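I have placed the structure first, in the form of structure tokens, so that the comments after it can refer back to it.
The structure presented is a predicted model; accordingly, all values stated were derived computationally and were not measured.
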Amino acid sequence: HTPEKAEALERGELIHKMLEIYYSLQLENFDFDTEVWRAIKESGIKAPVGKELGTIMNFSIQCGQYFATKMDLPGEEIAETIFQFRSYCEYYFNDSWHPLAVEEVGSKVLFENEEYKFIYNFKVDMVAEQGRIIAPFDHKTSKRRQEPSSLSNQFIGYCYGLGLNNLVVNKIGFQKTLSPQQRFNRFILTIDDARIKEWINNTIHWCARLLESQERDSWDMNLTSC
């Protein structure tokens, strides 16, 4: 990885950790036996009493500062990530989306016959509801502005796994010159059943090709990708 790419990944990981803490503390019920919460317990940082959003935000930042000490991020990148997290929380302080689950994991059988079983495993950043709509959220950090694609393998897979037709790409922009309204965007993608069925058939096809390649120990080249 180039240093810039490694930094971008660590920056994304740090903000994901803070978002997991922030949203999980807003849930009615949450299993705190996750990697992030086990690390917090070991650190000795005391969880806040009460569910006041400002308190939860400050606690999430305190934990973020602790996690940052274990990363290779420069000080200014850590400060910038924490600044953007605080700005995000303040921007969505009266959020119309209410979290239902955080770091939701699941498995679903894609295909099964006498010889093989293909299982799709997934882990979603968050599932939230707004009125009658329930949708998985995927948090994305970026220094560039671009709209997400509804053809994403990841996004269609989440909708398939959860049996839902909407997905929210929760963009957190790190562009210093833009306003919060321009930096923080939520793109609601609608992925219909026909697209999901097409994705299932395509995924089964690629799983079968992968098995075939393993069995003959010969791998097809894709000259336009790594």
Side-chain angles (χ1 to χ4, degrees), residues 1-17 19-20 31 33-39 67 70-73 100-128 134-172 187-226:
H1 291 299
T2 61
E4 193 179 332
K5 184 151 189 186
E7 267 182 26
L9 290 170
E10 292 231 298
R11 194 171 60 234
E13 185 187 341
L14 179 56
I15 211 157
H16 267 78
K17 283 180 177 0
L19 287 166
E20 177 182 342
D31 180 2
D33 189 28
T34 66
E35 189 182 336
V36 164
W37 280 102
R38 284 194 295 270
F67 283 118
K70 304 188 177 303
M71 295 178 169
D72 293 326
L73 278 171
L100 300 175
V102 174
E103 295 296 310
E104 183 76 4
V105 294
S107 297
K108 204 164 176 179
V109 176
L110 262 173
F111 172 81
E112 186 175 9
N113 65 12
E114 290 175 1
E115 284 186 89
Y116 303 113
K117 183 188 273 191
F118 301 154
I119 300 171
Y120 178 70
N121 297 313
F122 59 95
K123 185 178 186 180
V124 181
D125 292 334
M126 181 168 77
V127 181
I134 296 175
F137 267 54
D138 187 62
H139 307 312
K140 291 270 188 245
T141 55
S142 175
K143 285 195 172 182
R144 288 181 304 156
R145 296 186 81 190
Q146 65 185 98
E147 291 204 11
S149 168
S150 63
L151 289 172
S152 160
N153 181 63
Q154 178 190 16
F155 299 159
I156 302 171
Y158 286 168
C159 287
Y160 161 73
L162 292 165
L164 298 169
N165 292 105
N166 293 296
L167 176 132
V168 178
V169 183
N170 190 28
K171 282 272 187 131
I172 301 167
F187 297 93
I188 302 175
L189 305 180
T190 298
I191 297 168
D192 61 31
D193 291 338
R195 172 63 50 81
I196 293 170
K197 190 175 179 184
E198 184 181 67
W199 175 87
I200 292 167
N201 292 335
N202 192 53
T203 306
I204 292 167
H205 166 78
W206 281 103
C207 289
R209 276 189 70 175
L210 179 63
L211 278 172
E212 191 186 310
S213 293
Q214 284 180 321
E215 284 165 1
R216 57 185 165 89
D217 195 23
S218 173
W219 306 89
D220 299 331
M221 282 192 294
N222 183 344
L223 299 176
T224 58
S225 301
C226 60

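- Contact annotation: the side chain of Ile191 never approaches that of Tyr160 to less than 4.5 Å [non-hydrogen atoms, C-beta and beyond].
- Considering CG of Asp192 and CD1 of Ile156, their distance stands at 9.5 Å, rounded to 0.5 Å.
- Two residues are said to be in side-chain contact when any heavy atoms from C-beta on lie closer than 4.5 Å; Asp220 and Arg209 meet this criterion.
- Nearest heavy-atom pair, Ile119 versus Ser107, reported as atom, atom and distance to 0.1 Å: CG2-CB, 4.0 Å.
- Atom CG of Asn170 sits about 10.5 Å away from atom OG1 of Thr141, to the nearest 0.5 Å.
- In this structure, Asp138 and Val124 have side chains that are not in contact, with every pair of non-hydrogen atoms separated by 4.5 Å or more.
- Residue Gln214 holds its CD atom at 11.0 Å from CZ of Arg216, rounded to the nearest 0.5 Å.
- At least one side-chain heavy atom of Asn201 sits under 4.5 Å from a side-chain heavy atom of Lys197.
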message: Quick one, Lys17 with Glu20, criterion salt bridge (charged side-chain N to carboxylate O under 4.0 Å, His left out). Give me CA distance, side-chain angles, the key distance, then yes/no.
response: CA-CA 5 Å; Lys17 283 180 177 0; Glu20 177 182 342; over 6 Å; no
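- Residues Val102 and Thr34 fail the side-chain proximity criterion, which asks for heavy atoms closer than 4.5 Å.
- Residues Leu211 and Phe118 are in side-chain contact: their nearest non-hydrogen atoms beyond the backbone lie under 4.5 Å apart.
- With sequence neighbours left out, Asp72 forms a side-chain hydrogen bond (donor to acceptor under 3.5 Å, both in side chains) with no residue at all.
- In terms of heavy-atom proximity, Phe67 sits nearest to Ala39 at CE2-CB, 3.6 Å.
- When each of Trp206, Phe111, Tyr158, Trp199 is paired with Tyr120, the ring pair (Phe, Tyr, Trp, His ring centres under 6.0 Å) condition holds for Trp199 and for no other.
- Between Ile188 and Val168 the shortest side-chain heavy-atom distance falls below 4.5 Å.
- A pairwise comparison of heavy atoms in Phe137 and Asp125 identifies O-CB, 3.4 Å as the closest pair.
- Separating the CG atom in Asp193 from the CD1 atom in Ile200 is a distance of 9.0 Å, to the nearest 0.5 Å.
- A donor-acceptor pair under 3.5 Å is formed between the side chain of His16 and the backbone N or O of His139.
- Using a 4.5 Å heavy-atom cutoff, the side chains of Glu103 and Glu35 are not in contact.
- Interatomic distance, CG of Leu14 versus CG of Leu19, reported as 9.5 Å (0.5 Å rounding).
- Across every non-hydrogen atom of Cys159 and Asn165, the tightest pair is SG-C, 4.2 Å.
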